[in-house]
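None of these values were measured; they are calculated from a predicted model.
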Amino acid sequence: TTVPGGEFTLSTPPLPEKFPTIEITTLRPQRMEPGYQFIPVMRWTEKGPDREFGLVIALDGAGEVVWYYRTDKSVNDVKRLPNGDLLYLAGRDGRMVQINKLGELVRHWHTTGIEKDDVPEGSHPVDCDTFHHDFVVMENGNLLALSSEAREFDEYATSERDSDAKREPATVIGDVIVEFNQEGEVQRRWKLLDVLDPHRVSHGSLGTGFWRHIYEDILEEPGKDWAHANSIVYDASDDSVLVSLNHQSTLMKMRLEDSSIAWLLGDHAGWEEPWSDHLLEPEGDLIWTSNQHAAELTPTGTVLVFDNGGHRSPPFAPNTPMEERYSRAVEFRIDQERGVAEEVWSYGGLDTDHFYSSFLCDVDLQPTTGNVIVTDGARTRRNDGGMGDGPGGGHHWAHIFEVDRETDRKVFEMTIEDETGWAVYRSERFPTLY
């Protein structure tokens, strides 16, 4: 290692036992985005993700592990602050953690709506129920995070298959966006059940598994997972957010000043007025996303997203057969004035590079090369060796690759797979290690 004044050598102990097995299958360093791949790894058991295991791995350009951080709560994603510290959501009951590269706790925030018994001293309380899936560090230092609320409805859908099925009272979990400062004081709050149609349901909207244990001490019955927001991007140019709504298979751009909808990108089925007035019309050949994750705005204003393809069918329609399901990275150009969306690039499909993760996952455009890094992080294999589907569909393993967007050739590819189940929600390429 070269430092001011000379060089020195560090000898590190070997990686611990039961460390994930990493295999690099493609490596073209001259064509890769420079930097270090930071990968939060989830250990997957027969009962689902191990929420008491957290691991972040950093790989260099040769695919070697050069840094790792181990903690006792799961880590889904990491973001880096200008000073090099890492910021992540810990577990699922509402904790945000800032650490330095020595793994030392710098700052901690916790939500007050869900009771916790092991909050570190000095943690900043935030007046909301949870933190989940994603957050944004704003230019003014404030944090914009996805949270949630539980709301009662006297009449609510009981079937995702039959639109005419009877309606019954239900508890619905709605996503909430909260903006809070470094001390945890909430500045603004937006409840998506008040922004979108709370009665539009699609594949997954009536599921209760994700929120069951989080709200079990508060609710008498599990809440319906209506929209399941899973990513948020802040656009400072017009004080708006781009939100991915997994169980609506829809992307939404919302203006924060007045909670108005700029546009909705997704299958038009099931949307009624006034929300249908904001639907983008397809221009050219376009495939709607299905249970998508990790939408991002590119520097040219396009939208890049991981299209999981979990159902590949509109609300109340039968699922596409398993053998016809696929995931892809896809980029859309949005013309907000004309109200149209155009598909300008995609990678993945039944006839090209067929990969499929029905949940989790990430896609990131790289600033130097223009390459796209795809975190195909929830691969599932059935006992018979066939392609599995969903969190309980078989043995879990992760697949991450980098593709040259001009040639559609892979320049980096890796897997995380052994007898233990592993999954990766997101991963990031940072230009430097520290």
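- Here the rule is side-chain contact (heavy atoms from CB on, under 4.5 Å) with Met414, and of Thr26, Thr25, Ile24 only Ile24 fits it.
- The side-chain hydrogen bond (donor to acceptor under 3.5 Å, both in side chains) check on Trp44 picks up His396, with sequence neighbours excluded.
- The closest donor-acceptor contact from the side chain of Thr298 to the backbone of Thr302 lies under 3.5 Å.
- Under the rule for a ring-ring contact (aromatic ring centres under 6.0 Å, His included), His354 has no partner lying at least two apart in sequence or in another chain.
- At a threshold of 4.0 Å, the pair Glu342-Arg333 counts as salt-bridged, since one of the basic side-chain nitrogens sits closer than that to a carboxylate oxygen.
- Comment: Arg31 does not engage Glu402 in a salt bridge, judged by the lack of any side-chain N to carboxylate O separation of less than 4.0 angstrom.
- Under a 4.0 Å N-O distance rule, the pair Asp376/Arg379 qualifies as a salt bridge.
- Applying the salt bridge (charged side-chain N to carboxylate O under 4.0 Å, His left out) criterion to Asp129, with sequence neighbours excluded, gives no partner residue.
- Rounded to the nearest 0.5 angstrom, Leu146 CG and Thr130 OG1 are separated by 8.5 Å.
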Donor-acceptor contacts under 3.5 Å from residues 358-366 side chains, at least two apart:
unit_1 : atom_1 : unit_2 : atom_2 : d
Ser358 : OG     : Asp389 : OD1    : 3.1
Ser358 : OG     : Gly390 : N      : 2.9
Gln366 : NE2    : Asp364 : O      : 3.1

Quick one, Tyr434 with Tyr36, criterion side chain to side chain donor-acceptor pair (under 3.5 Å). Give me CA distance, side-chain angles, the key distance, then yes/no. CA-CA 10 Å; Tyr434 296 102; Tyr36 296 80; over 6 Å; no
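- Without hydrogens or angle criteria, Ser327 side chain to Ser357 main chain gives a donor-acceptor distance under 3.5 Å.
- In terms of the ring-ring contact (aromatic ring centres under 6.0 Å, His included) criterion, residue partners of His399 (sequence neighbours excluded) are, by chain and number, Phe401.
- Side chain to side chain, His133 and Ser231 fail the donor-acceptor criterion of an N or O pair below 3.5 Å.
- Between Lys410 and Asp353 there is a salt bridge, since a side-chain N of the basic residue sits under 4.0 Å from a carboxylate O of the acidic one.
- We find that Glu343 and Arg328 are joined by a salt bridge, their nearest charged nitrogen and carboxylate oxygen being less than 4.0 Å apart.
- Within the structure, every pair that satisfies the salt bridge (Lys or Arg N to Asp or Glu O under 4.0 Å) test and touches residues 93-104, not counting sequence neighbours, is listed here: Asp93-Arg95, Arg95-Asp118.
- With respect to Arg107 and Glu183, a salt bridge is recorded, a charged nitrogen being found less than 4.0 Å from a carboxylate O.
- A salt bridge links Arg312 with Asp307; the closest basic N to acidic carboxylate O contact falls under 4.0 Å.
- Ion pair Asp197/Arg200 not flagged as a salt bridge, since none of the NZ, NE, NH1 or NH2 atoms sits closer than 4.0 Å to an Asp/Glu carboxylate oxygen.
- With hydrogens and angles left out, the side-chain atoms of Trp422 and Asp418 include a donor and acceptor closer than 3.5 Å.
- Without hydrogens or angle criteria, Arg255 side chain to Asp238 main chain gives no donor-acceptor distance under 3.5 Å.
- Using a 4.0 Å cut-off between charged side-chain N and carboxylate O, Asp85 and Arg80 make no salt bridge.
- Put simply, the side chain of Glu23 never gets that close to the backbone of Thr21: no donor and acceptor are under 3.5 Å apart.
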Criterion salt bridge (Lys or Arg N to Asp or Glu O under 4.0 Å) on Asp134 and Arg426, from CA distance to verdict: CA-CA 10 Å; Asp134 201 6; Arg426 293 185 175 183; 3.2 Å; yes
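- Of the residues listed (Leu143, Asp127, Asn142, Thr111), the one engaging Phe180 in a side-chain contact (heavy atoms from CB on, under 4.5 Å) is Leu143, and it is the only one.
- What you find for His124 and Gln182 is that their closest heavy atoms are CD2-O, 3.7 Å.
- The pair Asp239-Arg188 meets the salt-bridge criterion, with a side-chain N (NZ, NE, NH1 or NH2) lying under 4.0 Å from an Asp/Glu carboxylate O.
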